[in-house]
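Before any comments, here is the structure.
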2 protein chains.
Amino acid sequence: MTDEPSNKPFPTPLKIRGRAHARPRHPPAGDGRDADFCQTCAFADVCLAVGYGMTELNALHCLVEHVGPFRSGEYVFRDGDPFRSIFAVRAGTVKTSSVDHTGREQVLGFHLPGEVIGLNAIYPDRFPCNAITLEKTQCCRFSFPKISALATQMPAVQRHLFRMLSKEIGTAGSLAGDHSADARVAAFLADLSERYAARGLPGSRFHLSMSRADIANYLRLASETVSRVLTRFRSIGLIDIVERELVLRDPPRLRDIGQDLLRG
Amino acid sequence: MTDEPSNKPFPTPLKIRGRAHARPRHPPAGDGRDADFCQTCAFADVCLAVGYGMTELNALHCLVEHVGPFRSGEYVFRDGDPFRSIFAVRAGTVKTSSVDHTGREQVLGFHLPGEVIGLNAIYPDRFPCNAITLEKTQCCRFSFPKISALATQMPAVQRHLFRMLSKEIGTAGSLAGDHSADARVAAFLADLSERYAARGLPGSRFHLSMSRADIANYLRLASETVSRVLTRFRSIGLIDIVERELVLRDPPRLRDIGQDLLRG
DNA sequence: GCAGCCACTTGATCCACGTCAACGGCCGCG
DNA sequence: CGCGGCCGTTGACGTGGATCAAGTGGCTGC
């Protein structure tokens, strides 16, 4: 989620420039723990980018609502629900999935802390998928009408929404290619790793909160195939895995194996 | 249904051999033919929605630039180009594709008159793919900074951009499933049909401006497989096809075969 | 007219992965 | 304690579609 270097107006845009307004970044809203969550949040860039204007910051913090905690297996929203809000994962993991006409589940994605879900509901004006928690999970809810209205007043918010939407177009298509099972699994692990790392969490050692069946469904493989690939990856020293605890032993090689899926 | 040759934006394209363009490449918007094009344009909803305010309408018409005509095989933009504008196809067909690390082309989509391309470039701030014309083609170019600025003043424009972006998230993922070759080809034909029909063009009889190889690449099949499926579809009366002229003889059945890919 | 090329079709073979099946570990429950 | 359900692993086998190969027809250039 960090900005790529191509469009920097200034060398280090994420640092808070011009320290004229040396004020607390987070207004009175909320307890101390909010700050920690927001550091890893998908909207952190916006909050930092507009740090010079307290009114905008307050506006964002005023319209966010905390929902949860959900226990594992609960719905954040359901396929067909009318679209009113987008959500950011605060803590935990959320799986999005739809059900095809034969009743089989189709896993669309896994969403980690700091990531936003529900953007694909804007067009149909209904959620086109279920969002199901895979462990104890908390979310932030943003009323879409409100954040849209805010976006008309705060170009940084509008720009951020455009960018998140655009990014998701790219990621949604990445699984479409015809790639080997090895490439799919490797790319999956490397992608998870990078996304954890991007939020400041350890990227080479983490817990898989989803089942093998969910992984397989997401990657459009049979769960047996995922199992076989994982054991082979372990046997050649690419990873260590016991149960759902994963250690990446050779991330560059992993990324290499999955590289055609990882372009973004 | 009978065909309506007069509705075709162009007759079947002949190879136009090297001829310099005598007229300016970027004619100013505003001639009488605009009205026809704009009826089928992706922005028509916006223009109609805000039709009560001439100022907004003028704003949109002021910022649009016409580019082309391109001959078959020309680039509207290239992978890696800095992102400054989005494009709408006015007439013709555009193929978007990227090239993977082994040098093989990956077709991402085909874009018909009235459809918008380039939205996936907002996030990386560079075009993540090539856009190549498949026949004589004209486009509209919208400066993204300008249309963004306009969106802050015209909620209808902002809303429309959000919706187009959101819609593309859904379509980008539709090929990701593991579907049979039959389902893929059927869905491809049914989708093309619906998109032509949505713009007022005949949906059950049209010209395939892309090669079998392009179709196969897009559907992640071998071109031989596409060929076989098409001949089988013809043999069972689903379609008629000679060269690239296609007639859908049983659209409902076609949609049924491809239905898991067509959700959206 | 002929050679070369490209798009498309059709047939023959191969293989990566799906499917089916069996098994073991873990957990909650009666 | 024994039982059943779920999750994950591993083996045996079948198949859909890729790959390889050959042939046709149309178009281009010489």
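Every chain is numbered from 1, with letters handed out A, B, ... down the list of sequences. When reading the values below, keep in mind they use all heavy atoms of this one structure, side chains included, and skip hydrogens, waters and symmetry mates.
Aromatic ring orientation, A:Phe127 versus A:Phe83: perpendicular (interplanar angle above 60°, classes split at 30° and 60°). A tilted orientation is assigned to the rings of A:Phe206 and A:Tyr196, their planes being inclined by 30° to 60°.
Within 4.0 Å (heavy atoms only), B:Ala222 reaches at least one base atom of the nucleic acid. Among the atoms of the strands shown, only primed sugar atoms or phosphate atoms (P, OP1, OP2) are found under 4.0 Å from some heavy atom of A:Arg220.
Listed by chain and number, the residues in a side-chain hydrogen bond (donor to acceptor under 3.5 Å, both in side chains) with A:Arg195 are A:Glu115, A:Asp191 (sequence neighbours excluded). Checked against side-chain hydrogen bond (donor to acceptor under 3.5 Å, both in side chains), B:Thr102 has the following partners two or more places apart in sequence or in another chain: B:Asp100.
In this entry the distance linking CZ of A:Arg232 with C1' of C:dC17 reads 11 Å, nearest Å. Atom CG in B:Asp178 sits about 12 Å away from atom C1' in D:dG16, given to the nearest Å. In this structure, CD1 of A:Ile215 is placed 11 Å from C1' of D:dG8, rounded to the nearest angstrom. A:Leu221 places its CG atom 16 Å from the C1' atom of D:dT9, with the value rounded to the nearest Å. What separates CG of A:Asn217 from P of C:dT19 is a distance of 12 Å, to the nearest Å. Look at CG on A:Leu246: it is 15 Å from C1' on D:dG8, rounded to the nearest Å.
Residue pairs meeting the side-chain hydrogen bond (donor to acceptor under 3.5 Å, both in side chains) criterion with at least one member in residues 221-232 of chain A, sequence neighbours excluded: A:Asp182-A:Arg232.
With a 4.5 Å cut-off on side-chain heavy atoms, A:Asn217 and A:Arg220 count as touching.
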Which pairs would a plain distance check flag for residues 168-177 of chain B, meaning a side-chain donor or acceptor within less than 3.5 Å of a matching protein atom at least two apart in sequence or in another chain?
residue  : atom : partner  : partner atom : Å
B:Thr171 : OG1  : B:Glu168 : O            : 3.2
B:Ser174 : OG   : B:Thr171 : O            : 2.8

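Residues from residues 185-192 of chain B that place a heavy atom under 4.0 Å from any atom of DNA chain C: there are none.
Checked by atom type and distance alone, the side chain of B:Thr133 never pairs as donor or acceptor with a backbone atom of B:Lys136 at under 3.5 Å. One N or O on the side chain of B:Ser193 and one on the backbone of B:Gly203 form a donor-acceptor pair closer than 3.5 Å.
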Sugar-phosphate or base contact per nucleotide [nucleotides 5-12 of chain C; S, B, -; heavy atom under 4.0 Å]:
--SSBBBB
